[in-house]
Structures are given as C-alpha cells and as structure tokens.
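Down below is the structure, laid out as structure tokens.
Fair warning: this is a prediction, and the values are worked out from it, not measured in the lab. Chain letters run A, B, ... following the sequence lines, proteins first, then strands; residues in each count from 1.
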There are 6 protein chains.
Amino acid sequence: MVYITRKETFSAAHKLTRPDWSLEKNEEVFGKCSNPNWHGHNYQLWVTVKGEINPETGFVTNLAEISLLLKHYVLDKVDHKNLNMDVDFMKGKLSSTEVLAVEIWKQIENPIVKLGCQLHSIKIQETDKNFIEYFGS
Amino acid sequence: MVYITRKETFSAAHKLTRPDWSLEKNEEVFGKCSNPNWHGHNYQLWVTVKGEINPETGFVTNLAEISLLLKHYVLDKVDHKNLNMDVDFMKGKLSSTEVLAVEIWKQIENPIVKLGCQLHSIKIQETDKNFIEYFGS
Amino acid sequence: MVYITRKETFSAAHKLTRPDWSLEKNEEVFGKCSNPNWHGHNYQLWVTVKGEINPETGFVTNLAEISLLLKHYVLDKVDHKNLNMDVDFMKGKLSSTEVLAVEIWKQIENPIVKLGCQLHSIKIQETDKNFIEYFGS
Amino acid sequence: MVYITRKETFSAAHKLTRPDWSLEKNEEVFGKCSNPNWHGHNYQLWVTVKGEINPETGFVTNLAEISLLLKHYVLDKVDHKNLNMDVDFMKGKLSSTEVLAVEIWKQIENPIVKLGCQLHSIKIQETDKNFIEYFGS
Amino acid sequence: MVYITRKETFSAAHKLTRPDWSLEKNEEVFGKCSNPNWHGHNYQLWVTVKGEINPETGFVTNLAEISLLLKHYVLDKVDHKNLNMDVDFMKGKLSSTEVLAVEIWKQIENPIVKLGCQLHSIKIQETDKNFIEYFGS
Amino acid sequence: MVYITRKETFSAAHKLTRPDWSLEKNEEVFGKCSNPNWHGHNYQLWVTVKGEINPETGFVTNLAEISLLLKHYVLDKVDHKNLNMDVDFMKGKLSSTEVLAVEIWKQIENPIVKLGCQLHSIKIQETDKNFIEYFGS
C-alpha cells in the first residue's frame, strides 16, 4: 500500500456567522472571522489517496486523473468564489475549515474509488498557523 | 545605510470590478477576480525601511516600533476585512495589488520618517505566483 | 473525528551536555551541540488535537483558546529563554528535541482535555533537516 | 515511542518509459514525463525512524549516524545521477516516485535496525504539488 | 513605476560539460554537475517587469498575458525537457544557470515591450541554496 | 553583470545587552532579546556576489569556492556558537542582526575579490518576520 498526496491551492471569501445569532453573539464566538463584509484566504488543500502499485506503470494511479477529478469536483467550485454563497456543497453550512474538509471528503470519496484507489485523508490549511485533517470518520 | 524588512500577513476579501462596466466587460478584463460575491487571499506584506545603525543600540530602528506602526496604520484596517468595503484608504479605488501597494505606501511613509528612518519599499504577495513591489515613485 | 493542528514558533538557547561527563565525552557524543557557551534555534512546534465537530459552531474547538493555552503553558516559558536554565519543566533534563516533545506533552495533555478534545501529537522541528513527533506513549 | 524524521535533498534525471512500448504508447500513459531525452527534479526525501528515548543521551538515535547511513545507501547513489541509468537498486525498474520509495525502503530497512531503531516511513516529493509515502507494506 | 513579478517552475535535465574537454577536466571544473548521464532540477523562475499603473484597470499589465507569454517563449520549451538537447535557444551553449538567465532574457525582452511594460530582471533558482539574477546588462 | 546568491544557515545563541546598562534599562530597550541566560536562532544568510560570465565555464564564479570561503570565514566561526562569547569578529560588539551583517561583510569582502568577483550584498534573517540587508556603505 502506497500513499499519494496531491496539493492544490484556491482563493476564496467566507465568513463565520449564524443567521440565527445577533452580530454580538457572532463576534463573541467567531471573533474577527465574523466580519459581516467577508474576509478571505489562500486555502491549501492536500488530498491523500492510497492503493497498490500497478506493476505495468509503476503508479498507484495517474496523478493527471486525480488532478482532473479535483478540478471538476472541488476547485472549479471554490476557487475565486465565496464559500458561503457560491458553493453548492456548502449551502446552509458553517464555512469552518473543519466542515469544509468533511464536505470535500463527501464530494470526492466515490469518484476516487472509481479510479481504483481509496481516499485516505483531506488536509486543509487556512493560514500558516492552522490546519485541519479528516480521515473519513 | 542598512535595510530592515518586516514581514506581516493579513487575510482579506476583495473583487476587481468597475461599477461603470457591465458584468461581461468586468469578467473579460478581470477574469475570475471579478466574481460578484467576492473571493479572498492571505496577503503577505513586506515593508523595508533604511537608515544608519544607531551605535548605542546596534539597531537602525526598533522593530517593535515598526511592528506597532504597521498594526495601527495597516493591519487593523485590512486584516479579516473586505478591501473594497471596509478600508478607509481604499474607498473608491480598484483593489488590485498594485494600487494596494501604493496606498499602503502613502499611509506609512510619514510615520516611518518620525521613527528616524526612511521607507524604502512595499512588497505584496497575493498568491504564491505573483508579487508587486513599489519604491515610492 | 477531526484533527486540528496549531503551529507556533519560539527562539531559545540550549546545549546538550551531561554534567557528569567530561568535555571530551560530551563532545564525542553530542558533537557541536555540546558547545559550552550555548547555541540556539528557531524551534517550530505543531500541536495536534482531535475531537468531534460541534454542530453549533462548526469547530472541534476554538483555536483562540488553544492558542492562549499554548502561550500560557509553553511559549511564555520557552520563547527567548535558555531551555537548560530558564524552563521549569526542563530542569535537570537533557534538552534534546525528543525530551522536549515529551515534556511539552505532559504540560498540555490535561489542559487540552478541559477544552473538550484530546491531545493527538506534538511535533518539533529544530532545523530544516530534522523533526521529532510524539504521540503520548 | 518517539518518531524522528531526517530530510534530505537530491537532484536527479529520469524518464518514465517502458522499452517494450512505442513512443506513442509511452507518451499516452506517461505524458511529458516520457520525454526521450530525460528531464529532472530536485527530489526531497523524508526518512522517519521510531524508537524509545535512550535515557543516557536523550536521543532515540544519533542523527549524525542516520545522516551517514542515508549518504552511504541512498544519496551517494542518486544525487546528480540518472535514476534509470546510474542507480544500482533501480536497474530495470520504472523510476516512478512510488517505486523509488519502495526501493529506498529496501536499501535502508536493515541498516536502520542495526542502529537500534525501526524504519517507520519514506516520503518523497518530486514537485511542490505531489508526494508519496510508504510505510513498508 | 511599479514592479510585478511572476513565478514559474519547470523540471529539466542538464549537465555541465564541454565536448572539447576530457571527462577528467570536466569533472575537475564542473564537479558532480558533469555526470555524463545527466541529472536534473526543479528550476524556479521569477520574471519581473515594470511599468506605470493603468488607471482604468489598476494593473501595470494583465498577469494573464504575462503568463501566456512565458508559457509560449519559455515553459513549453524547457519544462520536462533536456536543456542541452531539446531547447532551441540553448543549442551550443553551456547550460549553467547564469547562461540560462541571459538566454531567457533575450527570448522575452521584446515580447514584454509589446505588452506595454519593460523587463526588469530574471531570477533563477536551481536548488534551495543557489540563485542567479540578471538585469539585462 | 550577473548576480549570484548563496544561501547558508547557522544556529547560534546570543543576547542583546550593554554591560554599561542596568538589567532594567536593557530590558526596556531590548525587550525579551535581553534575557540574561541567552536565547538563540536558526539564522539564514544570503551572500550575493556579482561579476561577468566567464565564457569558458559559463560561471561568474565557481559556487564550490564561494561555499568553501563562507565556511572558512563565517560558518565555522558562528554555527553552534555564542555570537557574543565565541566569535572573534563580534568581540565587544552588540550582536544585533544589523551589526552582524556589517561585520560579516568586512570578513568576506576581500576574499571574494580574490575569486575575481565583487561582494554585492549580505542578507540575514533572524526569524520568519525580520531580515536585514547591507550593501557595503
């Protein structure tokens, strides 16, 4: 079993707020991430898949296919977008990095199985000082 | 003459659009940066000042003072904000990295003189692949 | 279960020596790290905690609280200090990166439980070429 | 149990091709990595070993010895070399990053046991966007 | 006057040898860079152009056009290629980083003038420890 | 004229204090950098030299010689040392990054002329957030 990781980057706006809370409550819980007029990040995304080496090619899977899959299911939807307003799979959800990792997992788990390997982890870095990892359960 | 550089980071939302242009014209010129619902970045900012070494301290200037100055004139205004909507010194301006560099220069040029040194350059990186430098003229 | 990592940095002096060994024995075993007049590093520290996502906030835990906890139990004690002479939890111990990771684990394991999550790992990088990870046992 | 990672770098030429396939088939499967006149990379290699802390030294193992071992079994053979033509342990094998990780594992697994610890993982990064990890089975 | 820098990456094979010198002389002067079977690097390339801000767009020049220009004149020719054998503008030249920087300058100086700005500098990094800058004379 | 930069790293202890000042005055001016028991850094050093390309080799100068020169005049003296106590060329001087850059310039200016090129700049980074540049006057 070998693990392959593809790193991608996207730039998006978001804010952390609950519409059922007051501005004050939102700011108390979410701090400066609750700014009503949005803020944004260069997000870094690492997707790790695992599988056996195909003896014919020396590859677990062709990274070009992983890259196309990530473009279709994730990057075209989130890059230069607003995570709260523009992204179908984030509608009605809090746009914390934790939730984003879980929702990206749901988008790509099955497509990766179709390439003949398994999704192992999603890692998302929002700033240099914080990152999140999710292993599917 | 010695040059000292302080690096800071801020996370902000923005979009590139002219209100006097149609959506189509904006997209033609500004591409995905014109997304109406905003996008955002982790901006990196390098401020370089120059001066003589003070023989009493071995410093050109105390970096703690440079850091406070940048917090007051720049970071408190742009971090976790919307560059188009929330920032006084960007009101009515296009929020390209070029314009942002020039406007930050105007904010800090005189305060840095008051610390006894000179502003040499502003460098801003919007993504890993692009940065802008401005030397004041 | 989601894993959250906070990265912090601190600058400290240290040396690797056993007072019960001669200078020669110390240099033979610890090499240039045994320089009697100390040397130092910019240490990088990654603390990973794990827990369930709180559906009310979308957070496993509030990173602002993790950050305060690390400042209180670790950074205020080690940053711009001498690991051998100034740090209460390192008194009488060898200041190798391995020992430092284990001792930081002991400092923060219980406080992190009080935030409602679990400590998963401590990673410390001493230089670009070496790092240590500890998972608690 | 503590995990220690040593990071090394090497620069090598390679190409992905099967001599039993046509140029066209090779290009279809391996893309631009099949360029007949070679291409090359600055590879980054992380070797992680694990073991108990030796209470006499505070070390799991002396990193100077790990470093010498990696120089002898890996770096002297691959750095500034052609992975397909110059490296004994890659003869007759596809020079994908996956295969390279498995073959480096075989070279160093036993020598690391002789240092009193265990090999935990090999990680190789070929470009900023891709890396491979292998845990021995 | 504002300076804009675009960073690109390419992976290429090369060797440093003079065909009019013996193997021994080549190794004496060029060291391990003269390995007859090639080696390779992930080169990093920074291209800096300068110009006035266009008040209509806030741009000195559209980075999308700079990017297309670099793809056409440089990256399509050098990425996943052999600098000595495959690149028209390096034919018959030593493939040192210095020479490569000067030859890339010649390729893109005029095309950049046609975009309405001026080429300011070429910077190339071959490994983490070395880089070259060229300002055109 | 081409500019070549070599990057080196060293780990050293230091403190900022004037023996003619009280502990209180030192702490007021130098903050936590005045900790009496020292602290330390992984310093990064960039040395830039300039010269014409030698048409016989394609090099401005052989980086292997620059590297040996830096080892002899700088790195052997400062790496894993105490800048205030162990380094001949820093004796009696304040160990600020500014002063360190000027003193390293004095050590290597003439040796670099003997290699047939000129010293252009010294850059030193003490932490990720600060660096100093010196151009010789």
Heavy-atom proximity to chain E below 4.5 Å, by part of B:I122: neither
- prompt: Where on E:E56 is there a heavy atom nearer than 4.5 Å to chain B: the side chain, the backbone, both, or neither?
  reply: both
query: Are the side chain of B:S95 and the backbone N or O of B:L100 linked by a donor-acceptor pair below 3.5 Å?
result: no
- request: Side-chain contact test, heavy atoms from C-beta onward, threshold under 4.5 Å: evaluate it for E:L69 versus E:E65 and give yes or no.
  value: no
query: Under a 4.5 Å heavy-atom cutoff, which of B:K123, B:E98, B:Q125 has the most pairs with chain E?
result: B:E98
Ring centers of E:Y73, E:F89 separated by less than 6.0 Å: no
When E:T57, E:T9, E:V60 are compared by non-hydrogen pairs under 4.5 Å with chain B, the top option: E:T57
task: Take the angle between the ring planes of E:Y43 and E:F10 and call it parallel below 30°, perpendicular above 60°, tilted in between.
output: parallel
- prompt: Going by an N to O cut-off under 4.0 Å, is there a salt bridge joining B:E103 and B:K106?
  reply: yes
field: Residue part contacting chain B, namely of E:L63, when any heavy atom lies under 4.5 Å
entry: side chain
